There are 2 protein chains.
Amino acid sequence: MQVNKTYNGADALCATLLANGVDVCFTNPGTSEMHFVAALDREEDMRCVLGTFEGVVTGAADGYARMADKPAATLLHLGPGLANGLANLHNARRAGTPIINVVGDHATYHLPYDAPLTSDIESLARPMSASVRRVRDSGDVSQATAEAIGSSRQNGGQIATLILPADAAWSPASTVVHHAPTPAASVNEKAVQLAADALRNGKKTIIIAGGKALRDEPLRLGSRIANATGARVLAEGAITRMERGQGRVMADRVPYAVDLALDKLREAEQLILVDAVAPVAFFAYPEKPSRLTPPGCEIITLAQPGDDIVGALRALADAVAANQAAPSLAGSADCPQLPVEGWDAPKIMQAVATLLPEGAIVCDEAITAGRLNFALMAGSAPHDYLQLTGGAIGVGIPLATGAAIARPDRKVVALQADGSGMYTMQGLWTQARENLDVLTVIFANRRYAILYNELKMMGVETPGNNARRMLDLDSPPFDWVSMGKAAGVESARAENLATFIDLFRAGLSRRGPFLIEAWL
Amino acid sequence: MQVNKTYNGADALCATLLANGVDVCFTNPGTSEMHFVAALDREEDMRCVLGTFEGVVTGAADGYARMADKPAATLLHLGPGLANGLANLHNARRAGTPIINVVGDHATYHLPYDAPLTSDIESLARPMSASVRRVRDSGDVSQATAEAIGSSRQNGGQIATLILPADAAWSPASTVVHHAPTPAASVNEKAVQLAADALRNGKKTIIIAGGKALRDEPLRLGSRIANATGARVLAEGAITRMERGQGRVMADRVPYAVDLALDKLREAEQLILVDAVAPVAFFAYPEKPSRLTPPGCEIITLAQPGDDIVGALRALADAVAANQAAPSLAGSADCPQLPVEGWDAPKIMQAVATLLPEGAIVCDEAITAGRLNFALMAGSAPHDYLQLTGGAIGVGIPLATGAAIARPDRKVVALQADGSGMYTMQGLWTQARENLDVLTVIFANRRYAILYNELKMMGVETPGNNARRMLDLDSPPFDWVSMGKAAGVESARAENLATFIDLFRAGLSRRGPFLIEAWL
């Protein structure tokens, strides 16, 4: 790019991001962001990844940050562009993912004219952001950007939204670049003591591990502690990223279904939370409790998001003399056999679990069809497991997209329900554009199956016309092979197990995006 | 449906909507809305239309209400479901469209537990809603619903958002149904007098007509007034719904491009606004003004949204003795000839303008490719013209979907840019599901062409790698024929004018959705 060489606010933004290690920007720009686009164009160190819908942009930023352990930036076009990305920012917020949103806005002096694209960006941003900051002018850009990056690093990972008026982007700026502090993680010694006391008091104890406590090292520590003291380790219900599979700790998860969760936690007299929150029901139901722990169950928080999770667990292991205890690891015997017959979602997952390659990154938004995914993959080859965290469907395809950008050396396996997949299928195009190594399995049951279950729980056995027309996706069936083709992703349909296994193996053996529609 | 016969809050909501004439509900429900789904299932008079993404739901509600002249309801799933629909609610707000959003939320007592899908729905809703009301309990449902319907009817059409906690839906309710008032529209006599005085003072005057002033009758009155007094009539820049074509008033539109708009308004000494706002630049640019009227131009508001528009124009016509003046109507000579050669967006539009059938509803989101659409269709067969109003791209396919639901007796012609179309292409599935009579033309230029123009205006003639990767949609090209097939919509590609004309004629001659990818 040969013109507009004056260093401006947009350049300051770019430079501040790069100086703080933020070198990937997921974008869908518009006119008010063109000066930032021009600045990005001058910065070859910044990798810009286009999503053709903002739900892809923010979901990919989530997947990227979960796997890169550092934030990505997003570039969004005013209030509506941010709005389109909010559902996946909601998921990212629940995942504790660091993201810096750059939301372009009109030039400051233009706002009073209430031009058509004007809206209250702050009001839209706040529910899904830990911090929202409007840049004052071009002189404020670097400081504001550093603050946003700093905010994104707080509490283990947060959403920071930066509103960039067009005139702050296009006006001349100083080349001074601000740096964001990295918060120091510490161990809460008092909490360690309380947890150690609890583990020795003879009461039935469950250790709930969430967030960064689901990585290999903290899980091993947790498992040693549990085995030394008679406690049990459970992963929280919605998993940001868990390192699991053979040679890794085998731990169950708090179930989604209220009755199953109540049952799983029924005997707990005390809970020790490690980067997790006390489990509550995903939804309320008449006559069912909101809190999933039994009445009187004591809750002890060993470590909160942003604390030194491994440090806290080490201190606790020392305190309860757990360092010699063996962790409970998954072995090859925990992996199912390759199935040879049958054709349903669990059989498909059994095949996936058996064939999953070492180092795979699994992005799971299979919803109802995937109820057994987590259990079936406990003994798969070692892998990372990422999940829908906030219940806002449509994260799967973008999550896989971002994870693949973060880790081009690893195979991403996306397990995707069809109804949720239809929310953000534009992400397949980004996978093709960037030639990402993502193998997607669509569980095509052609209905919002989870909602049929919910209706059943309400006692409705035979839904009528209006209900069926809101819950069925079958007339016409959405054709995912054509969808993949539309987006430039090689795609094929499996209608039986043998074909599925052949296609899955084919998908594993090649590099680049591939989609299998498992027609249930 | 054979169970759950107790009349509950969800039934009260349904009954109140129907009693107030709201009998179409665009939906994407979730668990927290299942009692409302069950209630809808018991009400055969309510037509439920599923969108497989909420941007489709809200955009279709907009298209429906623009053509039905009454509100639709939407059913959205908590904060994230609403968030997904906000961009098209933004457009609907700018269009002055009446919509009643029913946003399900957790049971009231469940909210303090901060379950994963909890978010600040009010903060999300407010920027795009004229009113936001949380239902207190099941006894409050009918009153709150009537208030929302009433709010949606204010000021000519507004967005009313109703937050429905799950327990308010499932708890028993009274069968008393509340009715919403219809606001009385009045004529501002003082404004009529001011406008009449202005039209007689010899200054150069432009009458800007927007909102409901763009229907046939008010436009004729406006044109008579203009012709009797030497004024000029212009349509506002973003058109909610304009009745135009042969036998209708021929009026130009305030251009989108700032320089063209400044030029068009340069000589105006006074503006008379009829259900319109004074024109401002869509975006700010360095060294260009925000206000498009010349300095010192006087602004007179004859009628505001919600006023008696026709009454005000009649009174003005009487006051300036314009009733005998002839309006300026389009005739067959204003329609272009069917082109016989060439292949670019204007040629395609020339063909569309020539072949457009009487009574067509044109939904235009062709953006850069459609710059000449409005002018070329001035002399087409009489039709309604609907446009992207708020600048939040992704309204076209949903708008056409909703318009077709409102007017099954008329052909809907959707003129769609490819980049914007990728935002809400799920709407094609709804067109197939409901067998809607929509003929879609995709202007596939495989780039965000408007942004290339913007870069050029910044002096960037040769964008670099990062800019091109944010503005191009060409590697791989998105394949709309496969996309249509995925959604169950018969689709075909045209790469030359003869094929396009054949396909367009074929699309007109059949009923049901049909898509033509015009490969530019």
Side-chain angles (χ1 to χ4, degrees), chain A residues 1 3-4 27 29 31-32 34 37-38 40-41 48 50 52-53 80 83-84 86-87 90 94 106-107 110 113 115-117 119-120 123-124 126-127 166 170 238 280 282-284 286 290 390-392 422-423 426 429 432 454-455 459-460 464 466-467 469-470 476 478-479 482-483 485-486 488, chain B residues 1 3-4 27 29 31-32 34 37-38 40-41 48 50 52-53 80 83-84 86-87 90 94 106-107 110 113 115-117 119-120 123-124 126-127 166 170 238 280 282-284 286 290 390-392 422-423 426 429 432 454-455 459-460 464 466-467 469-470 476 478-479 482-483 485-486 488:
Chain A
M1 193 175 278
V3 291
N4 197 7
T27 84
T31 298
S32 42
M34 289 317 286
V37 168
L40 290 165
D41 203 29
C48 296
L50 176 63
T52 56
F53 175 73
N84 283 332
L86 284 174
H90 172 88
R94 292 291 178 183
H106 288 306
H110 195 59
Y113 295 93
L117 266 166
S119 67
D120 182 350
S123 185
L124 295 170
R126 258 181 231 118
W170 77 48
V280 299
F282 212 93
F283 290 106
S290 290
M422 281 186 80
Y423 268 55
Q426 301 93 338
W429 181 84
E454 298 286 344
L455 267 189
V460 179
N466 261 343
R469 288 187 72 80
M470 284 190 269
F478 192 76
D479 168 3
S482 293
M483 178 63 228
K485 187 162 177 283
Chain B
M1 192 174 276
V3 291
N4 198 9
T27 85
T31 297
S32 42
M34 290 316 285
V37 168
L40 291 165
D41 204 28
C48 296
L50 176 64
T52 56
F53 175 71
N84 283 333
L86 284 174
H90 172 88
R94 293 290 178 184
H106 288 306
H110 195 58
Y113 294 93
L117 266 167
S119 67
D120 183 348
S123 185
L124 295 170
R126 257 180 231 117
W170 76 49
V280 299
F282 212 92
F283 290 106
S290 291
M422 283 187 79
Y423 268 54
Q426 302 92 338
W429 181 84
E454 299 286 344
L455 267 188
V460 178
N466 261 343
R469 289 187 72 77
M470 285 189 269
F478 192 76
D479 168 3
S482 293
M483 178 63 227
K485 186 161 178 282

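Just so it is clear, the model here is predicted, and its values are computed rather than measured. Here is the naming used below: chain letters follow the sequence lines, and residue numbers restart at 1 for every chain. Note: hydrogens, waters and symmetry copies are ignored here, and every other heavy atom, side chains too, is used.
The greatest number of non-hydrogen atom pairs below 4.5 Å with chain A, out of B:P286, B:P127, B:S482, B:P116, is found for B:P116. Chosen from B:P476, B:G488, B:A87, B:P80, the residue pairing most often with chain A at heavy-atom distances under 4.5 Å is B:P476. Between chain B and the options A:V280, A:T52, A:D120, the largest number of non-hydrogen pairs under 4.5 Å is found for A:T52. Your options are A:C48, A:S119, A:A107, and the one with the most heavy-atom pairs under 4.5 Å with chain B is A:C48. The most heavy-atom pairs under 4.5 Å with chain A, out of B:A392, B:A432, B:G391, B:S290, come from B:S290. Your options are A:K485, A:M483, A:M470, and the one with the most heavy-atom pairs under 4.5 Å with chain B is A:M470. Of the listed residues (B:H106, B:R126, B:R469), the greatest number of heavy-atom pairs within a distance under 4.5 Å of chain A belongs to B:R469. Interface summary for chain A: among B:A83, B:A166, B:G390, the most heavy-atom pairs under 4.5 angstrom belong to B:G390. Put simply, of B:F283, B:F282, B:W429, the one with the most heavy-atom pairs under 4.5 Å next to chain A is B:F283. For chain B, the option among A:L117, A:L124, A:L40, A:T27 with the highest count of heavy-atom pairs below 4.5 Å is A:L117.
Taking each heavy atom of B:D41 and A:N466 in turn, the nearest pair found is OD1-N, 3.2 Å. Of all non-hydrogen atoms in A:M422 and B:Q426, the two that sit nearest each other are O-NE2, 2.8 Å. Counting all heavy atoms, side chain and backbone alike, A:L455 lies closest to A:A467 at CD1-CB, 4.2 Å.
Using a 4.5 Å cut-off between heavy atoms, A:R94 touches chain B through its side chain atoms alone. Proximity to chain B (any heavy atom under 4.5 Å) is shown, for A:T31, by both the backbone and the side chain. Using a 4.5 Å cut-off between heavy atoms, A:A238 does not touch chain B at all.
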